[in-house]
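Note sheet for the following structure.
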Amino acid sequence: MARKKQYWLMKSEPDEYSIDDLEKDGTAHWDGVRNYQARNFMRDQMKIGDKVIFYHSNAKPSGAAGIAEVASEAYPDFTAFDPNDKHFDPKSKKDKPTWYMVDVKFVKKFDRFVPLSEIKENPKLQNMKLVQRGNRLSVMPITKEEFDEIVKMGKAKK
DNA sequence: GCCAACGTTGGC
DNA sequence: GCCAACGTTGGC
């Protein structure tokens with residue numbers, strides 16, 4: 001049988017790229033990840049069809065904005081090769097890239113935005129790396145239970 | 001804008 | 001290999 005579906009949380013600053021941008025574009029490549037742990041998750045563990053919580057960081061407020069889906073295997077992040085790109089990294093070579101990215105596909109925007117404060121208050125979500133002190137990972141695995149809980153919180157209140 | 005926490009770099 | 005200095009992340 002196929003591998004179990006994995007769930008992820010991916011952070012983006014909405015000033016840079018928000019859930020609305022993704023909705024408009026349909027799919028986007030998740031470029032600019034310059035953290036080895038996050039890269040390893042994308043390169044080694046992400047599979048097409050994995051579900052992603054799209055999280056707005058450095059936002060007012062920060063929080064979970066919607067759902068996306070992994071739409072490609074990892075491939076070299078070409079923005080690292082472009083000296084004019086702000087994510088340029090001279091250490092990444094075309095024949096041996098340091099950085100990778102995946103494509104993500106828009107699935108849905110939450111009926112209601114789930115602010116970080118509510119995630120922190122939810123006892124079911126206390127194990128997430130997101131709420132642990134000082135965590136700066138921009139791509140992190142989450143459990144199905146955590147994914148489902150956030151999706152539930154993102155539904156409009158009756 | 002502040003600042004704590006973290007990752008990376010570079011001198012030794 | 002240690003560790004101080006520096007740059008970045010990200011909540012507030």
Side-chain angles (χ1 to χ4, degrees), chain A residues 6-25 28-46 50-70 74-104 106-143 145-147 149-155 157:
Chain A
Q6 179 64 260
Y7 296 84
W8 304 94
L9 182 143
M10 295 173 87
K11 296 181 184 173
S12 179
E13 305 200 8
D15 289 346
E16 298 283 328
Y17 201 84
S18 73
I19 188 85
D20 295 316
D21 294 322
L22 185 62
E23 178 168 24
K24 197 170 54 197
D25 295 342
H29 39 255
W30 202 272
D31 63 274
V33 171
R34 295 293 178 268
N35 170 285
Y36 288 103
Q37 234 185 317
R39 178 209 62 188
N40 291 345
F41 287 137
M42 290 199 296
R43 188 191 56 189
D44 304 334
Q45 294 187 40
M46 276 195 184
D50 282 358
K51 290 287 193 290
V52 176
I53 296 282
F54 194 111
Y55 178 88
H56 284 180
S57 66
N58 250 323
K60 302 178 186 106
S62 296
I67 304 171
E69 190 180 298
V70 177
Y75 57 97
D77 182 343
F78 52 77
T79 65
F81 305 138
D82 179 359
N84 296 318
D85 194 281
K86 70 181 240 193
H87 298 301
F88 175 60
D89 181 352
K91 293 194 296 302
S92 185
K93 303 287 189 254
K94 281 192 177 147
D95 55 346
K96 198 172 183 299
T98 310
W99 304 113
Y100 287 78
M101 60 184 169
V102 296
D103 288 348
V104 297
F106 177 79
V107 175
K108 69 169 292 199
K109 187 177 171 178
F110 286 152
D111 298 328
R112 63 179 277 284
F113 183 80
V114 181
L116 179 60
S117 57
E118 290 185 23
I119 294 174
K120 284 182 168 166
E121 282 166 10
N122 189 324
K124 291 181 189 158
L125 301 176
Q126 292 315 298
N127 288 330
M128 290 178 72
K129 289 193 177 62
L130 180 69
V131 301
Q132 287 163 14
R133 196 180 57 149
N135 195 281
R136 291 165 43 180
L137 258 190
S138 60
V139 175
M140 66 184 78
I142 60 177
T143 66
E145 289 69 29
E146 289 161 347
F147 180 89
E149 185 65 19
I150 294 175
V151 169
K152 204 166 88 189
M153 292 165 79
K155 292 200 166 115
K157 288 198 170 137

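Quick note on labels: first sequence line is chain A, next is B, and so on, each numbered from 1.
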- Query: Do A:Y55 and A:M10 come close enough that some side-chain heavy atom pair is under 4.5 Å?
  - Reply: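 Not in contact.
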In whole angstrom, what separates [X]'s [atom1] from [N]'s [atom2]?
X: A:R133; N: B:dG7; atom1: CZ; atom2: P; value: 12 Å
X: A:L137; N: C:dT8; atom1: CG; atom2: C1'; value: 14 Å
X: A:M10; N: C:dG10; atom1: CE; atom2: P; value: 13 Å
X: A:R39; N: B:dT8; atom1: CZ; atom2: C1'; value: 14 Å
X: A:E118; N: C:dG11; atom1: CD; atom2: C1'; value: 16 Å

- Examine the side chains of A:D50 and A:Q6 and answer whether a donor and an acceptor come within less than 3.5 Å of each other.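 Judged by distance alone, the side chains do not pair up.
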- Message: Before you tell me yes or no, could you show the steps for A:S92 and A:R34 under side-chain hydrogen bond (donor to acceptor under 3.5 Å, both in side chains), namely the whole-Å CA-CA distance, both residues' side-chain angles and the distance that decides it to 0.1 Å?
- Response: CA-CA 11 Å; A:S92 185; A:R34 295 293 178 268; over 6 Å; no
- How about A:W30 and A:F54: are their ring centres within less than 6.0 Å of each other?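 Yes, they do, as the ring centres are separated by less than 6.0 Å.
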- Report the residue (A:K91 or A:N58) whose heavy-atom-nearest nucleotide on DNA chain B is the more 5′ of the two.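 Final value for this comparison: A:N58.
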Under 4.0 Å between a side-chain N/O of [X] and OP1 or OP2 of [N], yes or no?
X: A:Y55; N: C:dG11; answer: yes
X: A:K11; N: C:dT9; answer: no
X: A:R34; N: C:dT8; answer: no

